[in-house]
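To start, the structure under review is shown below, and the notes come after it.
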Amino acid sequence: MSQATKQSTSSRVKPQNPSDMLRGPQEKTKAIAASALLWVLAAAFGFPVIWFVLSSVKPAGELFSYPLSLLPSSLDFSGYVTAWESYDFYQFFLNTSIVAVVTTILTVFASACTGYALAKYSNPWLKVFFVCILATTMLPTEVILSPTFLVVRDLGMYNQLSALIIPSIITATGIFMFRQFFLTVPDSLLEAARIDGASELGIFTRIMLPLSRPIIVTLAIFSFQWRWNDYIWPLIVINDPSKFTLQIAIQSIVGAENVNWSVLLAASVISIIPLVVLYMVFQKYVMGADINAGLKE
């Protein structure tokens, strides 16, 4: 190779920037620090849950023994058997499932319809209506308990599961979520569907609802959790033990003078199992949607 060729080759090779050389180790250090922080937070939040679950299978004599131990010496599932059989947990589980599932379906449908109307129809009164809906979020729940109870009683729904379902269908949070999402959907997509002869109902059911699947799943998880964990409202409107929900049933285990901790812990674990399963199954669907699907450049 000639001297001129070597000089031209060396001139084309630029010296590496020292900041670029340091960027790799710095980014790796930041990633390690962030991962370590997340593991610490996960341990801080997960440790009480692990202790709670393991305590539910401990023999009753080990719950308050000193020194405290995380792992049980032997697995004791008698608390689960007692909670499921002696306290008629099957009926409470069924009541709560009916209320949570039916309310969730109706809440998602009503919120989607309302959010679509507020986002895609132009009317001054719709804006006023939306402001009124948002204003309800500023009211504490305790403020509307009494008037809601009077309405439920006068309609003859007292001591019925319908009293737990109907007042919980409309939620300002769900309407707001769907409205904000539908605002991001291009109007050109709806106009193209109308030109192709699609009806308004067809546009809503065949275009808008499939696009809003992440919002549907997210609101469904929230709504199911709200209804499953609800305690105050069922305590007010349900007086028949055969129609108790899980949260009222768990509270009934707590006696006036003594508490059967083995049964109480086991019943509490049973009550959270559906929520854990629900999240594990549907979490993969909670992701961003491609709202430009079907549009041509």
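Between P72 and L75, the closest side-chain pair of non-hydrogen atoms falls below 4.5 Å. Between L134 and F129 there is no side-chain heavy-atom pair separated by less than 4.5 Å. With contacts defined as side-chain heavy-atom distances shorter than 4.5 Å, the pair S146/F149 does not qualify. Looking at heavy atoms from C-beta onward, V152 lies in side-chain contact with P167 at the 4.5 angstrom threshold. V185 places a side-chain heavy atom less than 4.5 Å from the side chain of L190. For the pair W226 and T173, the minimum side-chain heavy-atom distance is below 4.5 Å. Residues P274 and F93 have side chains in contact (heavy-atom distance under 4.5 Å, counting atoms from C-beta outward). Proximity of F109 to I169: side-chain heavy atoms (C-beta onward) are nowhere separated by under 4.5 Å.
For L150, the side-chain contact (heavy atoms from CB on, under 4.5 Å) criterion is met by R153, not counting sequence neighbours. Shown here are the ring pair (Phe, Tyr, Trp, His ring centres under 6.0 Å) partners of W51, two or more places apart in sequence or in another chain: F47. Scanning for side-chain contact (heavy atoms from CB on, under 4.5 Å) contacts around I105 gives V101, with sequence neighbours left out. Remark: Y231 pairs with no residue by the ring pair (Phe, Tyr, Trp, His ring centres under 6.0 Å) rule, at least two apart or across chains. Partners of Y121 under the ring pair (Phe, Tyr, Trp, His ring centres under 6.0 Å) rule, at least two apart in sequence or in another chain, are Y116.
By the criterion of side-chain heavy atoms lying less than 4.5 angstrom apart, applied directly or through intervening Ile, Leu, Val, Met, Phe, Trp or Tyr residues, V276 is not grouped with V53; the two fall into different hydrophobic clusters. Note on M138: it does not cluster hydrophobically with I175, by side-chain heavy-atom contacts below 4.5 Å among ILVMFWY residues. Taking hydrophobic clusters as Ile, Leu, Val, Met, Phe, Trp and Tyr residues chained together by side-chain heavy-atom distances below 4.5 Å, V99 shares a cluster with L155.
The salt bridge (charged side-chain N to carboxylate O under 4.0 Å, His left out) contacts involving residues 177-199 comprise K120-D187, E191-R194, R194-E200, where partners must be two or more places apart or lie in separate chains.
None of L161, T245, N229 except one satisfies the side chain to side chain contact (heavy atoms under 4.5 Å, CB included) rule with T96; the exception is T245.
In this structure, OG1 on T103 lies 6.5 Å from CZ on R227, to the nearest 0.5 angstrom.
By the 30° and 60° cut-offs, the orientation of the rings of F182 relative to F178 is tilted.
When the shell of 6.0 Å around CZ of F204 is examined, it contains more than 12 heavy atoms from other residues, nucleotides or ligands. Atom CZ of F222 has 12 or fewer neighbouring heavy atoms from other residues, nucleotides or ligands inside a 6.0 Å radius.
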